[in-house]
Number of protein chains: 2
Amino acid sequence: MVTRERKSPNISEFMRYLATNEEVENGLPSLKQLSLDLGVSVASLREQLEVARALGLVEVKPRLGTRRKDYSFAPAIRQSLGYALALNNEHFRKYSELRNHVESAFWYEAVELLTEQDKNELQNLITRAFEKLQGARIQVPHEEHRQLHLTIFSRLENPFVTGILEAYWDAYENVGLNVFTGGYEYLQEVWQYHRAMVDAICEGKNEDGYNALIAHADLLYHRP
Amino acid sequence: MVTRERKSPNISEFMRYLATNEEVENGLPSLKQLSLDLGVSVASLREQLEVARALGLVEVKPRLGTRRKDYSFAPAIRQSLGYALALNNEHFRKYSELRNHVESAFWYEAVELLTEQDKNELQNLITRAFEKLQGARIQVPHEEHRQLHLTIFSRLENPFVTGILEAYWDAYENVGLNVFTGGYEYLQEVWQYHRAMVDAICEGKNEDGYNALIAHADLLYHRP
DNA sequence: ATACTCCGATTTATCTGATTAATCATAATT
DNA sequence: AATTATGATTAATCAGATAAATCGGAGTAT
């Protein structure tokens, strides 16, 4: 029998407090007060607080104290992935594989949920990107690239999917791909695919869009 | 122009130290020493240390001090997901959607990589599960269920994929699904699919296996 | 030799309290 | 009206003291 080692570092008292006390909206008590409430010293409390902050669960400033933020999955990934990249840049490739598979797996559901407004926004992003590409002083349309992908999957309203996709772009910038690109022809080609994707979406040809997504992901994965 | 708010809470000094100093193998300096090295107080250092521990990057014990652990993605997810579940149990459903899509998206690649030994292990798991199900005193083959899924995708050697799948099972237990099941017939049906999956894998009929995976995921997703 | 118990050294864990720095609301000033 | 001081509040950082945990090894019995 395989007795898997039980490693469940459950969430801290502070995080549980944060999750379960409704009255924490518009501000938590000061650290001094909280340390009394929870029965731990300020120093210990701060250790727990730091974890919550690293996970993006709270925002804390002098004078204003601690506020709970809306839940987001991305910061947790950022921290762990940021460390993994510092350990070894090859981890970016592995994470890209995950991200690419997530995008392709959710493609049909995601585009089915897009509104007309979303589709307009996608068209605008394409337009802006080509303006940057074809301008006298060519620029890398990085922000448009990011927004394009995130917008496509935004209507899933799945914080975990969103988090994975968001964290990808931070890692992308982290390893410097937003500036050092594979050359101009490469950029052109990538954005041809983007245009094809968006056109397909707007015409309801979801399978064509899917194929463009796959092809363009290959392109980026095997970037020079 | 969309000026996305720049929120990059980069990894801590301590985590960077942890990632980049090779000599930390077989033990970091004591906290007192490290606080001198890094030029911060022990209290501040402990705040950073606590984050690293929450992310599962280090193991720290009195007398032995701090040791770096092999990288794993799962703890970061566990923390954030554990909090999300404490906020709202419905988050489990959303996370399940992610996990199910990840499994289906990686299916073909994953099973292609399985060794004969892996396939034997899968068969063993099926055997053990049915023993539990058909025993005089029926048991829920939870551990076998977990191992089955993790084994199938283990050869991808992708720590991020693995992490997502591992964290799923912790959440699964977290919300109590490992004990409160949908009834005996339901369990039987699930494991019929598992058997079909493994048989298909062993016979190289990967598409049949894929279909079984999808069908059985639906079953669990729409569990009573 | 083997297993067990006890002891001491090391390190983390926790707490207290003091000082510094950041932040914002408000009042004062231009 | 806009800008600039001011003060109150809170987090940030630090130092140091005490407690608790853990392990290696010495000692002891079998």
Side-chain angles (χ1 to χ4, degrees), chain A residues 5-19 21 23-70 72 75 78-79 82-83, chain B residues 5-19 21 23-70 72 75 78-79 82-83:
Chain A
E5 93 182 63
R6 265 273 152 264
K7 46 169 174 178
S8 39
N10 256 341
I11 66 177
S12 67
E13 272 310 305
F14 174 73
M15 274 171 61
R16 191 157 297 282
Y17 168 91
L18 193 64
N21 287 61
E23 69 272 20
V24 301
E25 291 301 337
N26 50 62
L28 280 75
S30 72
L31 292 184
K32 186 189 291 267
Q33 183 58 46
L34 248 184
S35 87
L36 295 177
D37 295 353
L38 300 183
V40 294
S41 69
V42 175
S44 294
L45 182 59
R46 285 188 61 86
E47 294 177 6
Q48 301 181 29
L49 174 67
E50 201 59 22
V51 175
R53 169 154 40 189
L55 298 180
L57 309 180
V58 294
E59 192 175 21
V60 39
K61 283 193 269 195
R63 170 78 194 193
L64 290 191
T66 309
R67 288 188 326 143
R68 187 170 76 177
K69 299 174 69 173
D70 288 339
S72 168
R78 270 192 218 109
Q79 288 286 334
Y83 173 78
Chain B
E5 90 181 68
R6 266 273 152 262
K7 45 168 173 178
S8 40
N10 256 342
I11 66 176
S12 67
E13 272 311 304
F14 173 73
M15 273 170 61
R16 191 157 297 281
Y17 168 89
L18 194 65
N21 287 61
E23 69 272 19
V24 301
E25 290 302 335
N26 51 61
L28 280 75
S30 71
L31 293 184
K32 187 188 292 264
Q33 184 57 47
L34 248 184
S35 87
L36 294 176
D37 295 354
L38 300 183
V40 294
S41 69
V42 175
S44 294
L45 182 58
R46 285 189 61 86
E47 294 176 8
Q48 301 181 28
L49 174 67
E50 201 58 22
V51 175
R53 169 151 45 187
L55 298 181
L57 309 181
V58 295
E59 190 174 24
V60 38
K61 282 193 270 194
R63 171 79 197 193
L64 290 192
T66 308
R67 288 188 326 144
R68 186 169 80 176
K69 299 174 68 173
D70 287 339
S72 168
R78 269 192 217 111
Q79 289 286 333
Y83 174 79

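Order of the sequence lines fixes the chain letters, A, B, ..., with proteins taken first and strands second; residue numbering starts at 1 for each chain. As the structure is a prediction and not an experimental result, all values here were calculated from the model.
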salt_bridge(B/Glu13, B/Arg16) N-O dist < 4.0 Å
no

Can you tell me how far the OG1 atom of B/Thr66 sits from the CG atom of B/Leu31, to the nearest 0.5 Å?
5.0 Å

Would you indicate which nucleotide in C/dT14, D/dT10, C/dA13 comes nearest to any side-chain atom of A/Ser30?
D/dT10

In whole angstroms, how far is the P atom of C/dA13 from the CD atom of B/Glu47?
14 Å

Protein-nucleic acid N or O pairs under 3.5 Å, nucleotides 21-27 of chain D:
{"from": "D/dC23", "atom 1": "OP1", "to": "B/Lys61", "atom 2": "NZ", "distance (Å)": "3.2"}

Does A/Glu59 form a salt bridge (Lys or Arg N to Asp or Glu O under 4.0 Å) with A/Lys69? I'd like the steps, not just the answer.
CA-CA 7 Å; A/Glu59 192 175 21; A/Lys69 299 174 69 173; 5.5 Å; no

Sugar-phosphate, base or nothing in reach of B/Val40, heavy atoms under 4.0 Å:
sugar-phosphate

Of all the heavy-atom pairs spanning A/Val51 and B/Ala54, show the shortest one and how long it is.
CG1-CB, 3.7 Å

Distance check needed: C/dT14 C1' versus B/Leu31 CG, whole Å only.
13 Å

Using atom CG of A/Leu45 as one end and atom C1' of C/dC15 as the other, report the distance to the nearest whole Å.
13 Å

Rounded to the nearest Å, what distance is computed from the CZ atom of residue A/Arg67 to the P atom of nucleotide D/dT10?
15 Å

Taking the side chain of A/Thr66 as its heavy atoms from C-beta onward, which of D/dA11, C/dT16, D/dT13 lies nearest to it?
D/dA11

Using modelled atom types only, decide if a donor and an acceptor are shared between the side chain of B/Arg68 and the backbone of B/Leu18 within a distance under 3.5 Å.
yes

Between P of D/dC14 and CD of A/Glu50, the distance in whole Å:
13 Å

Rounded distance (Å) that lies between atom P of C/dT16 and atom CG of A/Leu36:
9 Å

Heavy atoms only: give me the nearest A/Asp37-A/Pro29 pair and the separation to one decimal.
OD2-CG, 4.2 Å

Rounded distance (Å) that lies between atom P of D/dT13 and atom CZ of B/Arg46:
16 Å

Of all the nucleotides listed (C/dA13, D/dA15, C/dT16), which has the minimum atom distance to the side chain of A/Ser41?
C/dT16

In whole angstroms, the gap separating P of D/dC14 from NZ of B/Lys32 amounts to 15 Å

Could you state the interatomic distance from CG (A/Leu57) to CG (A/Asp70), rounded to the nearest 0.5 Å?
11.0 Å

